[in-house]
Amino acid sequence: MGAVTELNSTPDVFRAVVQALETARFRPEIALRRIVPPHGLAPHAISFAAEVVRGPHRRDTAPGRPRTADDAPAAGRFVVLYDESCPQPWEGPFRIVSWFRSRTDAAMGRDDLLTDVGWSWLTDTLTEHGAQFTAEGGTASRTVERHFGSLTEHADSAQVEVRASWTPVPHIGPPHWALTHLGAWAQVLCTAAGLPPHHEGVTYL
C-alpha cells in the first residue's frame, strides 16, 4: 500500500495505528485497499475502501461493461482520524468515520426496520469483536429501485446505507485496537452482503 501519511512527521501514537492497519488481512471475498483520506477533518488520517467481491446480492452487469464498486453486494469506506487536541464532540484524540452500503432484495427494502437492522449490524459487530467505542452517532437510510418502460425486465432492488462515526476506546495488548475496529467493520460488510460465517480451511461455494 502506498504511503498517504508522512510517517516521519506523524506522532508515534498515530504511527502505530498506521503500521497496524497496513497489516490487515481478511477473508478472500473482501477487497481492501488504502485510499487518499478526506481533507480537513483532522491533522492526521488514514483511509481504506473495501468491497465484497462476491455474494448473493451482487448486481449483474451488461455484457462488455466492467464491474465497479456499485455492483458489489456491499462496499464502504473506513477512516481513522487523529487530533491530539481531542475535539470536544470526539471525547478523545481518535475518531473513526465509516460509510457502507449493501444491496438487498426489494421486499426487504420495503421493511421499515431495515435501517434499524443496518445500524445494529455495525454496533453489534463492534461489540462482538471487542472493539470498544463511545460517542457513536450516525444515520441509516434505505432506497428501493423500481424499473419502468423499457427497463421493466430488470428486477426491482433495494439498498441500505449507513454513515457512522465513533470514538474508539483503545485497549492494551495485541491485536492493536485499530486492527480490531477495522476487522469488525469488515465483518459488517460480509454480514450486509449475506455471506456465511467464515472459518479458516473451509471452502464456500
Side-chain angles (χ1 to χ4, degrees), residues 1 3-26 30 32-51 74-102 112-142 159-192:
M1 298 177 180
V4 173
T5 302
E6 294 295 334
L7 292 184
N8 59 3
S9 63
T10 299
D12 288 345
V13 66
F14 188 71
R15 186 197 307 264
V17 168
V18 172
Q19 293 173 339
L21 292 178
E22 287 190 324
T23 68
R25 299 293 182 272
F26 301 114
I30 295 179
L32 179 75
R33 69 185 187 281
R34 189 168 166 180
I35 60 175
V36 177
H39 297 289
L41 297 182
H44 305 280
I46 182 172
S47 183
F48 294 89
E51 64 179 86
R77 302 286 186 271
F78 181 94
V79 185
V80 181
L81 307 174
Y82 177 72
D83 187 339
E84 60 185 359
S85 71
C86 300
Q88 189 277 330
W90 292 11
E91 300 183 12
F94 287 98
R95 188 72 173 171
I96 294 175
V97 178
S98 88
W99 161 86
F100 74 86
R101 66 113 191 101
S102 69
D112 290 340
L113 293 178
L114 181 59
T115 50
D116 300 72
V117 170
W119 183 256
S120 67
W121 283 337
L122 178 63
T123 57
D124 290 353
T125 305
L126 287 171
T127 300
E128 290 166 2
H129 279 68
Q132 300 179 54
F133 61 94
T134 188
E136 70 277 11
T139 63
S141 60
R142 60 189 172 92
Q159 71 175 26
V160 60
E161 179 179 285
V162 176
R163 297 178 181 271
S165 64
W166 63 92
T167 296
V169 180
H171 61 74
I172 298 174
H176 192 282
W177 63 263
L179 201 56
T180 302
H181 282 259
L182 180 58
W185 179 80
Q187 180 56 49
V188 171
L189 294 187
C190 293
T191 300

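FYI, side chains are in, hydrogens and waters are out, and symmetry mates aren't considered; it's all heavy atoms of this structure.
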Kindly compute the distance separating [atom1] ([X]) from [atom2] ([Y]), expressed to the nearest 0.5 Å.
{"X": "H129", "Y": "L179", "atom1": "NE2", "atom2": "CG", "value": "10.5 Å"}
{"X": "R34", "Y": "F48", "atom1": "CZ", "atom2": "CZ", "value": "6.0 Å"}
{"X": "W90", "Y": "Y82", "atom1": "CH2", "atom2": "OH", "value": "10.0 Å"}
{"X": "R33", "Y": "E51", "atom1": "CZ", "atom2": "CD", "value": "6.5 Å"}
{"X": "L114", "Y": "S102", "atom1": "CG", "atom2": "OG", "value": "7.0 Å"}
{"X": "I96", "Y": "H181", "atom1": "CD1", "atom2": "NE2", "value": "5.0 Å"}

Output a table of donor-acceptor pairs, distance under 3.5 Å, between side-chain atoms of residues 117-126 and any protein atom two or more places apart or on a different chain; print 'none' if there are none.
from	atom 1	to	atom 2	distance (Å)
S120	OG	D116	O	3.4
S120	OG	V117	O	2.8
T123	OG1	W119	O	3.4
T125	OG1	W121	O	2.5

By ring pair (Phe, Tyr, Trp, His ring centres under 6.0 Å) - contacts of F78 (at least two apart):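 Testing F78 for ring pair (Phe, Tyr, Trp, His ring centres under 6.0 Å), a comparison that skips the adjacent residues, returns W185.
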Heavy-atom pair with the smallest gap, counting every atom of L189 and A50: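 What the structure gives for the nearest pair is CD1-CB, 3.7 Å.
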H176 side chain to A178 backbone, donor-acceptor under 3.5 Å: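 Yes.
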Within 6.0 Å of CD in E136, more than 12 heavy atoms from elsewhere: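 Result for CD/E136: enclosed.
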Between R95 and T167, a side-chain donor and acceptor under 3.5 Å: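 Indeed, the side chains of R95 and T167 share at least one donor-acceptor pair under 3.5 Å.
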Test log, rule side chain to side chain contact (heavy atoms under 4.5 Å, CB included), inputs C190 and I30: CA-CA 8 Å; C190 293; I30 295 179; 3.4 Å; yes
Where at least one partner belongs to residues 161-170, residue pairs that pass salt bridge (Lys or Arg N to Asp or Glu O under 4.0 Å), sequence neighbours excluded: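 For residues 161-170, and leaving out neighbouring residues, the salt bridge (Lys or Arg N to Asp or Glu O under 4.0 Å) pairs sorted by first residue read E161-R163.
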CA sep, side-chain torsions, deciding dist, call: I46, L21, side chain to side chain contact (heavy atoms under 4.5 Å, CB included): CA-CA 9 Å; I46 182 172; L21 292 178; 3.8 Å; yes
Plane angle bin for F94 and F14 - parallel if under 30°, tilted between 30 and 60°, otherwise perpendicular: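 It falls in the parallel class, under 30°.
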Presence of salt bridge, D112 and R142, under 4.0 angstrom: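 A salt bridge links R142 with D112.
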